[in-house]
Amino acid sequence: MPELPEVETTVRGLARVLDGRRIERVEVRREDLRRAFPKDLGQRLTGARVTGLGRRAKYGLIHTDRNDTMIFHLGMSGSWRINHSRLKKHDHLLLETDEGTRLALNDPRRFGSVDLLHTDELAEWPPFKALGPEPLDLTAGELRRRLAGRSAAIKLLLLDQRIVAGLGNIYVCEALYRAGIHPLKAGGSISLERLKRLVPAIHDVLAEAIAAGGSTLRDFASPDGGLGYFSKDFAVYDREGQPCGGGGTVRRIVQGGRSTFYCPRCQR
DNA sequence: AGATATTCCTGGAGGC
DNA sequence: TGCCTCCAGGAATATC
């Protein structure tokens, strides 16, 4: 499941072959994912030169010299492949550069999205306007301000992209475990002292995952493996019933319809 | 307003 | 082996 580190790794992998290149060919093989593709996507991208790539929260950004930015979201099953040997089911969008590099955007569950905006209007795009700060830029004071008065569970609030933008289920579970904070604790009731543990924990789990993803990029040679997917050892995520490493046993509960993994002994 | 539930979609896992 | 049900997830939308 692509979260911020996976998107960051994907963007870095794409940048190697896309940055500075001209897009020679665009093939839309399906008209929509979560929502319809822009009707003029192919026309606006074909012949454009990529001037840079970026990331905002879990969105990947591909900027072109036509004041356009293609924004992709990988949803929960999206991935890009570079120089695939053959097409796969659910390859929805294909790009080819002036160097002959072929890219395929694959997304079986179609929770992803592709949008095209004028680059100078990105900040006004409603999905971006609603986003909170990047977790790697977050400070404890800022987080405290955003949690103030909120009675909802910290786990749910950290998943809310308006509070912090880019955290998903896995890294929220991992960060709360590292900070020793119980996922059911009301967000507004957490002391600044403890937020000063939580914010670096968020930073660290993301930075470590990005580093792990980056290390898989180094030997990125298999054309049929999706960019941005790498194995990472988690302390609690998907480890129900197993030891947490701190002397406790990982438990699973459901919050807001999704699984939370935590250690009742280490997290209070 | 904040909190909660529902919706989208497919592949994989598990039960029988 | 096959058929069934259930579950995973992010974000938009609806409802209380």
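Reminder, nothing fancy here: chain letters follow the sequence lines and each chain counts from 1. Computed from a predicted structure; not experimentally measured.
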### Task
Starting from the 5' end of DNA chain B, give me the residue, Pro108(A) or Gly149(A), whose nearest nucleotide shows up first.
Gly149(A)

### Message
Over all strands shown, is Ser113(A) touching base, sugar-phosphate only, or nothing at heavy-atom distances under 4.0 angstrom?
### Response
nothing

### Message
Is it the case that the side chain of Arg162(A) and the backbone of Ala130(A) share a donor-acceptor pair, with hydrogens and angles ignored and the cut-off at 3.5 Å?
### Response
no

### Qualifying residue for side-chain hydrogen bond (donor to acceptor under 3.5 Å, both in side chains) with Asn169(A), from Glu3(A), Lys155(A), Gln255(A)
Lys155(A)

### Query
Hey, does Arg30(A) reach any base, or is it just sugar-phosphate, or nothing, if we go heavy atoms under 4.0 Å?
nothing

### Task
Could you state the atom-to-atom distance from CD of Glu31(A) to C1' of dC9(B) in whole Å?
18 Å

### Query
In whole angstrom, what separates Leu4(A)'s CG from dG10(C)'s C1'?
13 Å

### Task
Would you kindly give the CG-to-C1' distance between Asp238(A) and dA13(B), to the nearest whole Å?
12 Å

### Message
Please tell me if Ser151(A) has a side-chain N or O lying less than 4.0 Å from either OP1 or OP2 of dA3(B).
### Response
yes

### Message
Rounding to an integer number of Å, can you tell me how far Gln161(A) CD sits from dT13(C) P?
### Response
15 Å

### Message
By nearest heavy atom, map Ala153(A) and His90(A) onto DNA chain B; which one lands nearer the 5' end?
### Response
Ala153(A)

### Message
From C-beta outward on Arg150(A), which listed nucleotide comes closest to its side chain: dG2(B), dA8(C), dA11(C)?
### Response
dG2(B)

### Task
Determine the contact category for Arg110(A): base if any of its heavy atoms lies under 4.0 Å from a base atom, sugar-phosphate if only primed atoms, P, OP1 or OP2 are that close, otherwise nothing.
sugar-phosphate

### Task
Could you tell me whether the side chains of Ser259(A) and Arg252(A) share a donor-acceptor contact shorter than 3.5 Å?
yes

### Query
Tyr171(A) has an atom OH; how far is it from atom C1' of dG10(C), in whole Å?
15 Å

### Message
Here's a test for you: under salt bridge (charged side-chain N to carboxylate O under 4.0 Å, His left out), which of Arg81(A), Arg86(A), Arg102(A), Arg29(A) qualifies with Asp91(A)?
### Response
Arg81(A)

### Task
Indicate, with a heavy-atom threshold strictly under 4.0 Å, whether Gly256(A) touches base, sugar-phosphate, or nothing.
nothing

### Query
Rounded to whole angstrom units, what separation is found between the CD1 atom of Ile163(A) and the C1' atom of dA1(B)?
13 Å

### Message
On the side chain of Arg34(A), is there an atom forming a donor-acceptor pair with the base of dA11(C) - under 3.5 Å, no angle test?
### Response
yes

### Distance test, side-chain N/O of Lys89(A) to OP1/OP2 of dG11(B), below 4.0 Å
yes

### Query
What's the CZ-C1' distance between Phe111(A) and dG10(C), to the nearest Å?
7 Å

### Message
What's the closest nucleotide to the side chain of Tyr59(A) if the choices are dA3(B), dA11(C), dA8(C)?
### Response
dA11(C)

### Query
The side chain of Arg109(A) lies closest to which of these nucleotides: dG10(C), dC9(B), dA3(B)?
dC9(B)

### Query
Does some side-chain heavy atom of Leu176(A) sit less than 4.5 Å from a side-chain heavy atom of Thr260(A)?
no

### Task
Would you classify Arg35(A) as touching base, sugar-phosphate or nothing, given that sugar-phosphate means primed atoms plus P, OP1 and OP2, and contacts are heavy atoms under 4.0 Å?
nothing

### Task
Verify, without hydrogens or angle tests, whether Asn83(A) (side chain) and Thr101(A) (backbone) share a donor-acceptor contact under 3.5 angstrom.
no

### Task
Return the value, rounded to whole Å, for the distance between atom CG of Leu156(A) and atom P of dG2(B).
15 Å

